[in-house]
Amino acid sequence: MNMARALNDALAVALAEDERVVLLGEDIGRTGGVFRVTDGLQERFGEHRVVDTPVAESGIVGAAFGMAVAGLRPVVEIQFLGFSYPAYDQIVSHVGRIRNRSNHRFTAPMVIRIPFGGGIGAAEHHSESSEAIYAHTPGIKVVAPGTPAAAKGLLLAAIEDPDPVVFLEPIRVYRAIKEEVPEGRYTFPIGVAEVVRAGSDVTLVAYGAMLRDALQAAGALEGDGVSAEVIDLRTLAPLDAATVVASAQKTGRVVAISEGHRTVGIASEIAALVQERALYSLLAPVERVTGWDTVVPLKRTERHHIPGVGRIVAAVRRTLED
Amino acid sequence: MAFEFHLPDIGEGLTEATIVSWRVPVGATVGLDEPMVEVETDKAVVEIPAPRAGVVLHHGAPAGATIAVGSLLVVIGEAGEVWVSGAAATPRVSPGTQAGVAKPIVGHLEEGPTSESVSGKPRALPLVRRLAATLGVDLSTVRGSGPGGRIVRGDVEAAGRGSGPAERVRMSPTRLAIARNLTRSWQEIPHVTTFGVADPKALLSARSLLARAGGEPVPLEALLVHAVVPVLREYPEFNAAVDGDYLVLRKQLDIGIAVDTPEGLMVAVVRSADTRDVAGLSAEIVRLAAAARARTIAAADLRGATFTISNIGAVGGGYGTPIIPYGTTAILSVGRAEEKAVVRQGSVVVGMELPLSLSYDHRVIDGARGRAFLGAVITNIEGITK
Amino acid sequence: MEPVRILDFDGRLLGESPLGVEEIRRLFAAMVTARAYDHKASALQLQGRLATYAQFEGQEAVQVGGAAALRPDDWLVATYRDAAAMWMQGYPWDGLFLGRMGDERGGSPPPGVNVLPPSITVGAHMIHAVGLGWAERLRGSDRVAMTFFGDGATSEGDFHEAMNFAGVYRTPTVFVCENNGWAISMSRDRQTASETIAQKADAYGMPGVLVDGNDLLAMFAVARDAVGRARRGEGATLIEALTHRMGAHTTADDAGRYRAEETLDEWRLRDPVDRVRRHLQATEAWSEAWEHDVVSTAAAEIEAAVARAEGLAPFGPGAAFDRTYARPTTDLEAQRTALLRDLGGEG
């Protein structure tokens, strides 16, 4: 099944097994969500547990925050990452902060699901990849799956997590990747990256929609005799530095891939921790393959912004030049 | 006990305040939280209430003065109490003030001991790797002298020194063993070499006599051993080994004979040389040399020499500075007998000279002793008779 | 709209009292105690022992009267100016002091006290009360959530979103706007073009009530009605309580820069504590000795709380790493180690 269905499955499992789980979001009930991730859930579980909300991102997150403090497990959907900004205050000032400012007395175990990334020719504001903003925020966890099975497992883990999770869903691979997804409840651990393809010459670190590109690049490189190891980060905060560093020590070459803007992005963090902990193993500088520090261009030219297989391969070649 | 109260930051980041008026003069009583002094800040005029009930003993500054946040504002104590500056309790730093300069927190995630021990690959900074590449140095062959075995610049430079285009040849186990032993000798034993010359006439004529008699060529080494053995009896420290604080005087005279082989110099051992006559020595030496060259010599025959004789004359050598085999205290090197201009009874005549070089362990053998031993050897060589 | 009033400025009943004499005495004692806390906190701030403190003198009736209508297990989400309301609902003095002293344990009331730490951001917290009440309803309980906020907060977008959600989902929320006429230096008439804040309720499909916030009995009556509605599942109410802030915005503020002294004098005549005292005096339910007793008992309790709060050893430098998630992540542990190493192993 594809990722949208896998996520739907996860939500259904959560709603069925934990009566504390409540979904809130715009158009998630009757319509089943603009990406159909919540399709059929309101029918099954009722209006009180799958709630269509007014257009009010801050209010949605704030209300869910109150629910979480009261002991429920709300799972909120914000329609696009670009629309999450009105809710940013609630997320940073309250959701991520309540445990700290009440010294654990009050907590906010909730999930905020947000489709993100471009490459679907969407209108302005709909192609954001600003996940670094949330990864930079203390008190929340940020997860970004790249494949259906991981997505389901991670979402179930996020719902179970005692801390708030911003759960980013890569829009352009909602339906593009299909794989076997186990039935029923299972979880993938948050904060753990996985080496999804072993290799020895270079490490490609990716997440979300870029994982697919990274794997494609690895395939292309193999034809040229370059063995690429691919890491699926899965969680952006807390980031699994150990897995990345071990791979860097093994291959000596790292290419960090992120659709987000270049400066102060996830790839920057990868570069920082690789040079901090694997410098003596490096055979070349860490390459960052990222979006640029410009607003994401519209459909006609967005492909120049969003990294593709070509840019990844070129970056790998640069690491081999030495 | 007098309580010293310092001007707090009463308004989010203020640094000073001006005293407008004192509500309570020195000597008067003030109740807890009662108005004590009026001060003016950038933001407002406020009245600071007394933090303690008691008698005001001291005003930190008069009306009209501007004082910095943190400086003494007032001292409150008991009636009749005398307050001396500096004598009271240490000033309380109120929450609003900075307690000195904050230490910069330099976060630095430390490279743990296990963090780079993966895979045994050479560890080196990229700069050092670049240097190695330029110099043609293979990092996997370089031993790192940096922290945790890291290869530093100096290691690479040393490895690359003097290397132009070159062929790297791995040494054979035999060569490596020889190298190891010589290194040990050289590092541990203080060598002194003393030189001497003997008239080989008697030696050479004895050899040809014996050869004619036995039908086989007699190796010179056999006669040399014969000449040296009695001297070793007389000078036992030359047939010894140093073991820590001990000098081990060997009872057996197992004389090592240096044999030159394609693999390198080997020392074949003539056991109990003092029990053999010249014919016996000759036969044994011939046997050992042949076995060594054929590489069939037993390991036991290569071990345990108590004194070594090296006939470098056989390959054209003269004087030398032989290296004492580890575990012994001396070695005699014998060069080729050659015609030389010699002085005899005041005249220069042509004579034969046999150059001798004796290296000995100066820890246990002094110069005089060394010269005496060599002198005795020379005497025996010159007086050698069948 | 005329504000609901039950006690006139001289303390005479204009209608039926919603409370018996004993109850009024109890709430009067609470207001007097709250005022003692307010004075002590102000003094502490001027002595540098508290960080910035927001005084509420003059607003005791709003907070005490409003909170008195709640059940002990109801939720309260209030602001940095609402110490009286929070204390009424069970928040200990210690916690209130600790919060202002800069210790996160101040945000941690005892179990069973459903009062969130005071909201410092303006206007973001009312939606939390909406969510809390909504959750209680989903769980089948009849707990309500009351939230206090100032007139300034009604300009924040989150006020609108909170009211809208409460209206749409009929959440058991009681919105109490303490309209003290000022948001720091911005007067209420420049905060909104509406004639009243109460009338905004109409836009959200809920009743809006204007009340004389300095009238303890009116405040209590109105709050009780709103709480009752919410508990019965009839939805939310917006209460606009007219009151006055006798102090400055905070002790870092100079109110003289924007407010005339005469205004203060007018409002002093309507002081909420004085009004109830006059009422009690008229019914001979008050004596100076009794009030003095109340004040000195309160003062002693408050002093003890100050001593406890000041005596609490502060967190060590590594403590923040434990408060960020349920369990510190590997990276946070590494950061803690780095910090402690740089500090030379303290704490």
Side-chain angles (χ1 to χ4, degrees), chain A residues 19-20 22 24 48-49 51-72 74 86-87 89-90 93-110 138-141 161-164 190-191 235 237-242 273 277, chain C residues 75 77 95 98-99 103-111 113-114 116-117 119-121 124-139 141 143 145 156-158 160-169 171 173 315 319-320 322-332 334:
Chain A
E19 58 183 16
R20 299 171 302 172
V22 175
L24 298 102
H48 291 292
R49 297 193 67 202
V51 182
D52 277 318
T53 64
V55 182
E57 287 75 15
S58 182
I60 295 167
V61 173
F65 170 75
M67 288 181 168
V69 170
L72 298 184
D89 177 50
Q90 288 290 342
S93 303
H94 300 285
V95 173
R97 206 172 281 247
I98 188 64
R99 176 188 289 280
N100 178 73
R101 65 191 295 258
S102 73
N103 199 33
H104 297 279
R105 172 70 176 85
F106 300 108
T107 63
M110 57 191 276
I140 60 172
K141 299 182 181 175
D161 202 298
D163 291 306
I190 291 177
T235 302
L239 210 150
D240 182 358
L273 59 90
R277 287 152 70 164
Chain C
W75 289 96
V77 187
L98 277 173
D103 190 305
E104 284 83 353
R105 283 166 289 195
S108 184
V113 174
N114 293 334
L116 293 193
S119 179
I120 308 300
T121 61
H125 64 288
M126 297 87 87
I127 185 69
H128 304 163
V130 171
L132 287 163
W134 189 350
E136 294 293 352
R137 207 110 297 235
L138 284 174
R139 290 221 293 236
S141 98
R143 283 187 195 149
E156 283 280 355
D158 279 357
H160 160 74
E161 297 198 22
M163 293 287 288
N164 191 38
F165 271 63
V168 167
Y169 297 106
T171 60
T173 317
F315 281 122
D322 289 318
R323 282 197 307 265
T324 303
Y325 295 114
R327 265 177 315 279
T329 60
T330 317
D331 212 47
L332 281 177

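In the text below, chain A, chain B and the rest are named by the order of the sequence lines, each starting its count at 1.
In terms of modelled atom types and a separation under 3.5 Å, the side chain of C:Y325 and the main chain of A:P164 share no donor-acceptor contact.
For A:N100, the parts lying under 4.5 angstrom from a heavy atom of chain C are both the backbone and the side chain. Heavy atoms closer than 4.5 Å to chain A are found in the side chain of C:F165, but not in its backbone. If you measure heavy-atom distances from C:E161 to chain A, the contacts under 4.5 Å come from the side chain alone. Heavy atoms of A:T53 lying under 4.5 Å from chain C belong to its backbone as well as its side chain. Proximity to chain A (any heavy atom under 4.5 Å) is restricted, for C:R139, to the side chain, taken from C-beta onward. Contacts of C:L116 with chain A are made by both backbone and side-chain atoms, with heavy-atom separations under 4.5 Å. Contacts of C:A124 with chain A are made by both backbone and side-chain atoms, with heavy-atom separations under 4.5 Å. Using a 4.5 Å cut-off between heavy atoms, C:P109 touches chain A through backbone and side chain atoms alike.
Between the side chains of A:H94 and C:S119, no donor-acceptor pair of N or O atoms lies under 3.5 Å.
You'll find the side chain of A:L273 stays beyond 4.5 Å of the side chain of C:D331, heavy atoms only. Taking 4.5 Å as the limit, some side-chain heavy atom of A:M110 sits within range of a side-chain heavy atom of A:V61. Two residues are said to be in side-chain contact when any heavy atoms from C-beta on lie closer than 4.5 Å; C:D322 and C:F315 fail this criterion.
Rounding to the nearest 0.5 Å places CZ of A:R20 at 10.5 Å from CZ of A:R49.
Note on A:S93, A:A64, A:P54, A:P238: by heavy-atom pairs under 4.5 Å with chain C, the leading option is A:P54. Of all the listed residues (C:T324, C:T171, C:I120), the one sharing the greatest number of non-hydrogen pairs under 4.5 Å with chain A is C:T324.
In this structure, C:A166 and C:T173 approach most closely via the heavy-atom pair CB-OG1, 4.3 Å.
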